[in-house]
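No hydrogens, no waters, no symmetry mates; every other heavy atom, side chains included, goes into these values. Chain naming here is simple, since letters A, B, ... match the order of the sequence lines and numbering starts at 1 in each.
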Amino acid sequence: MSTDAKAVVPLGHVVIRFAGDSGDGMQLTGDRFTSETAGLGNDLSTLPDFPAEIRAPAGTLPGVSAFQLHFADHDIMTPGDRPDVLVAMNPAALKANLKDLRAGCTLIVNTDEFTKRNLEKVDYASNPLEDGTLDSYDVQAIGLTSMTVEALSGFDITKKDAERAKNMFALGLLCWLYSRPTQGTIDFLKAKFAKKPEILAANIAAFEAGWSFGETTESFAVRYEVKPAPMRAGLYRNITGNPALAYGLIAASQQSGLPLFLGSYPITPASDILHELSKHKNFGVVTFQAEDEIAGIGAALGAAYGGALGVTTTSGPGIALKSETIGLAVSLELPLIVVDVQRGGPSTGLPTKTEQADLLQAMFGRNGEAPVPIVAPRSPGDCFDAAFEAARIAITYRTPVLLLSDGYLANGSEPWAVPDAASLPAIDPGFATEPNHDGEFWPYLRDSETLARPWAVPGTPGLEHRIGGLEKADGSGNISYDPDNHDHMVRLRQAKVEAIARSIGPLEVDDPSGEARVLVLGWGSTYGPIGAACRAVRAEGGNVAQAHLRHLNPFPANTAEVLRAYDRVIIPEMNLGQLALLIRGRFLVDAISYNQVRGMPFTSEELASTITDVIESL
Amino acid sequence: MTATDLPMPGLALVPRTDEKQSAKDFKTDQEVRWCPGCGDYAILAAVQGFLPELGLRKENIVFVSGIGCSSRFPYYMNTYGMHSIHGRAPAIATGLALTRPDLSVWVVTGDGDALSIGGNHLIHALRRNVNLKILLFNNRIYGLTKGQYSPTSETGKITKSTPLGSLDHSFNPVSLALGAEASFVARTMDSDRKHLTEVLRRAAAHEGTALVEIMQNCNIFNDGAWEPLKDSETSDDRMIRLADGQPVVFGKDGSKAVVRGEAGHIVVADTSEVDPAEIIVFDSHADDPGLAFALSRLADIHSLENTAVGVFRDVQRPAYDRLVREQVASVQAQGEGDLQSLLRGKDTWTVS
Ligand code: SF4
């Protein structure tokens, strides 16, 4: 495309939100813009936000689907609290998102959709484009639909198909406005519409028309540019959490030599892990779509019994259904990975929204004393490392492990330094092959270091044994109802999980000034927002320390020491204080719980002011 | 005929041993804790007595059970075994059989375990046709929880939880399995060692899911539940022994016959009053499960009259686990996965 003569204004960072009807292709538009931005070398963070309904009635508030992207010439930690630019494809998209806009920011509105009928659908009594509602914004009122249709008038396609290409027009315009490259999108369209040449040509034409419109219209006096962010040298790609998690599981399978088996039942937002793994049969991965959540985990446990790396994935109410089998895995002491991509609850709750309110269920949600290690990723790319770590713990300690991702991590994206496969550590399954007790095989005789029991898989001659959910005698594993033995076994299972702390690194603290008296402690996907809030506080001269837990059970060995080193501990969570409850109970620390449970990632602004208040109260 | 004379596609990938085995080799040192007189003892003895003839390596046999009296079974088998959770054994065994074609996997379950709490897993295992052999011990009662009615109890049954009689309509396990697309369905009796063994042989040989309903006596909570079929005075008159290629006749001296009724359904008639050509000839290998289903429906759940036993259905349909392995193998034949290229993906950029 041609270069233009308009002035180019450099920007440090921008937050753009694309919002439209579920059928408007906003997720695709956002994805494409993200790819071009990643390729340019900006740091970025994305937040798709879509309704649970596949196609809610067109033009209504419940049908609004949005994609937010934050990109910068420096490293950033969140998808941004508020957009600088909102692209609103219809009145519903405007109404649903307007409250998040600061005065002065840019609004690109598709005027063609602001018809009387559409305005009525969302209870706009008058047209906000005309009644002064938007006076405090820089409004770019553009007939995106009509201009797209006009641009495609020479194509042999239906009017409907022409209208559908309006998202490409919008994408072209935004790519022009922020000086994004275009070749990636053209290649993408070529692959997507390879079998429909006319639609392909129309989409490319719409995309180019959007670009040219930016160049020629008087409405945009300048265009912007965001320079690449300095990043550590290396090879990068953009990645969302669910595929990263799936890759972590495949890597663990490769590094342990255990075939990967996934037993799963479709559930939002975990299903994409099932979809992803089902594409990688070339790694010998077996994916099994079970009849229900219980069968999903049951099959995974059966596969683990046979010597596979057994995994089940779920979310929301699915984790409740799996509780009984997790308890059996605790009793059998077999490796099993249970992935819970947390979403808003209770019950069906908010299927497409994020939350971290399953921590206590992961910790305690089983009958009896049934300790389970818990690992939580902190960012989309970190899902890879967290999954690998969950597998290491499961295999080494012969235990089910709960991997607590969430809806934001699952669908959010960030640049990811591609790991070097050759430098990933090996995981030794250490299968039992010989009798271990006077010529017999005792399935519950433990390793003195890890307290793990031997894993003898069917097919191993001479080690035939029976295991089950009944309490077993220490060592021999035979059924035992002996009171003292039960007391001993309950403590042993707990001690085994606690022993994992010896194999994990210390809790690290980020305190650039070294003078902080306030510590902000978090876990999971709040890492970015907490970090951004801490930076904001520091920028204003406040001293604050940040620590983030990857292991929630057991906690790192130095956790008590870290907590005691600060006068105040703030624990921000997307729940009503679940980690805070554990920290208070375990360490007798009077932690301050800070909570947002809106189904959306944390906003940093409010957290920053809370931190400042606490600092000032000292 | 012994099992080794039969083709055994269901065991094709399970390693064999040349060592001579006996029933004793399959016994464990664990004290058997069923009530004295329980029908489970006879089934255990029959299984232990029959396994040696398969000639499989003992370590490649796995018994997986759920919860209930019958589900203690694995503890008494000197093979690999798992006593799992209520109703879930078919799901657990599915994961095992999918990943380990070298194992002979058996599920031991009961009427409450398989048909009540685990009903969903049972029907899906049957429709998928995973290479599992499911032994369903049907005693028409909850034993381990001390005597509540089960999904196979007859309507009106007085139990601890139904002092005025149960109101539930019951399941017929054979009808259910046939309706769930099972490729192998059989019914046999705990006390008929010969018949039980024959059925087990055919189940073991079958590739795919086999459901074997074993009518089992719980002498504590439901004694005599199957007595009309066991008592030599009455059993001939009630029990229809299915045999391939044979006309379906039963009763003393073959006095009763199964024929097509006027509306196309099947009925029991007096053999002397029907044209022998009209008597239905049984074929467990028939593609259409209609006749097998109709035969399973003849039984009266109260009097047990016209209860058919034997192999109702035994057809070949690709086993799910084999299809899964073939699909994976066909992908791997085009090249195995390379982790580094997976991690790299398609769109990368380099920061120098
Ligand atoms: S309660 Fe009944 S089924 Fe259970 S062991 Fe005793 S006799 Fe057998």
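- The backbone N or O of A:Lys281 sits nowhere less than 3.5 Å from a side-chain atom of B:Gln327 that would complete a donor-acceptor pair.
- Residue contact with chain B, scored on non-hydrogen atoms closer than 4.5 Å, is absent for A:Ala304.
- Between atom CZ of residue B:Arg72 and atom CD1 of residue A:Ile479 there is a gap of 5.5 Å, rounded to the nearest 0.5 Å.
- The contact between A:Pro461 and chain B is made by backbone and side chain atoms together, counting heavy-atom distances below 4.5 Å.
- Interface remark: A:Ile467 contributes backbone and side-chain atoms alike to the contact with chain B (heavy atom separation under 4.5 Å).
- Looking at A:Val285, only its backbone comes within 4.5 Å of chain B, counting heavy atoms on both sides.
- Interface residue A:Pro415: backbone and side-chain heavy atoms are both found under 4.5 Å from chain B.
- Using a 4.5 Å cut-off between heavy atoms, A:Leu463 touches chain B through backbone and side chain atoms alike.
- Using a 4.5 Å cut-off between heavy atoms, A:Ile239 makes no contact with chain B at all.
- Counted within 6.0 Å of OH on B:Tyr75, heavy atoms from surrounding residues, nucleotides or ligands total more than 12; the atom is thus considered enclosed.
- Between A:Tyr236 and B:Trp349, the ring-plane angle classifies as parallel under the 30° and 60° cut-offs.
- Contact annotation for A:Ala251: both backbone and side-chain heavy atoms come within less than 4.5 Å of a heavy atom of chain B.
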Exercise for review: Just do the side chain to side chain contact (heavy atoms under 4.5 Å, CB included) check on A:Ile250 and B:Leu342 with the steps written out, would you?
Suggested key: CA-CA 9 Å; A:Ile250 293 174; B:Leu342 173 74; 3.8 Å; yes
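- Residue contact with chain B, scored on non-hydrogen atoms closer than 4.5 Å, is absent for A:Ser331.
- Of the residues considered (A:Gly284, A:Ala417, A:Pro259), A:Gly284 shows the highest number of contacts with chain B, using heavy-atom pairs under 4.5 Å.
- To the nearest 0.5 Å, atom OG of residue B:Ser71 and atom CG of residue A:Leu470 are 10.5 Å apart.
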Point to revise | Pair A:Val457-B:Glu59, side chain to side chain contact (heavy atoms under 4.5 Å, CB included): steps then yes or no | key: CA-CA 9 Å; A:Val457 297; B:Glu59 64 269 22; over 6 Å; no
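- If you measure heavy-atom distances from B:Asp29 to chain A, you find no contacts under 4.5 Å at all.
- With a 4.5 Å cut-off on non-hydrogen atoms, A:Phe261 touches chain B through its side chain but not through its backbone.
- Most heavy-atom pairs under 4.5 Å with chain B: of the set A:Ser35, A:Gly310, A:Ala38, A:Gly327, this distinction falls to A:Ala38.
- The two residues A:Ala308 and B:Thr99 have their closest heavy-atom pair at CB-CG2, 4.4 Å.
- The part of A:His280 that comes within reach of chain B is its side chain, from C-beta onward, which places non-hydrogen atoms under 4.5 angstrom from that chain.
- Distance CD1/B:Ile61 to CD/A:Glu464: 9.0 Å, rounded to 0.5 Å.
- The closest side-chain heavy-atom distance from B:Ile92 to A:Tyr305 is not below 4.5 Å.
- The two residues B:Gln340 and A:Val418 have their closest heavy-atom pair at NE2-CG1, 3.7 Å.
- Put simply, the side chain of B:Arg344 never gets that close to the backbone of A:Arg237: no donor and acceptor are under 3.5 Å apart.
- No part of B:Phe63 comes within reach of chain A, as not one of its non-hydrogen atoms sits under 4.5 angstrom from that chain.
- At least one side-chain heavy atom of B:Arg128 sits under 4.5 Å from a side-chain heavy atom of A:Glu291.
- Counting all heavy atoms, side chain and backbone alike, A:Glu324 lies closest to B:His86 at OE2-N, 4.3 Å.
- Ranked by heavy-atom pairs under 4.5 Å with chain B, the list A:Gly234, A:Gly469, A:Gly468 is led by A:Gly234.
- Only the side chain of B:Arg100 has a heavy atom closer than 4.5 Å to any heavy atom of chain A.
- With a 4.5 angstrom heavy-atom cutoff, B:Ser84 touches chain A via backbone and side-chain atoms both.
- The two atoms that bring A:Ile294 and B:His121 nearest to each other are CG2-NE2, 3.9 Å, heavy atoms only.
- Note: B:Thr348 OG1 to A:Trp416 CH2 = 12.0 Å, rounded to the nearest 0.5 Å.
- In this structure, CG in A:Leu301 is found 10.0 Å from CG in B:Leu96, a value given to the nearest 0.5 Å.
- Contact detail for A:Ala421 and B:Leu343: the closest heavy-atom pair is CB-CD1, 4.4 Å.
- In plain terms, the two heavy atoms of B:Tyr80 and A:Thr460 that are nearest each other are OH-O, 2.7 Å.
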Check your understanding: Going through the checks in order, is the side chain to side chain contact (heavy atoms under 4.5 Å, CB included) test met by A:Phe283 and B:Glu336?
Key -> CA-CA 6 Å; A:Phe283 289 92; B:Glu336 294 202 6; over 6 Å; no
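- In this structure, OG1 on A:Thr34 lies 12.0 Å from CG on B:Asp347, to the nearest 0.5 angstrom.
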Practice item. Go through A:Asn282 and B:Gln334 one step at a time and tell me if the side chain to side chain contact (heavy atoms under 4.5 Å, CB included) criterion holds. Key: CA-CA 8 Å; A:Asn282 53 343; B:Gln334 292 160 33; over 6 Å; no
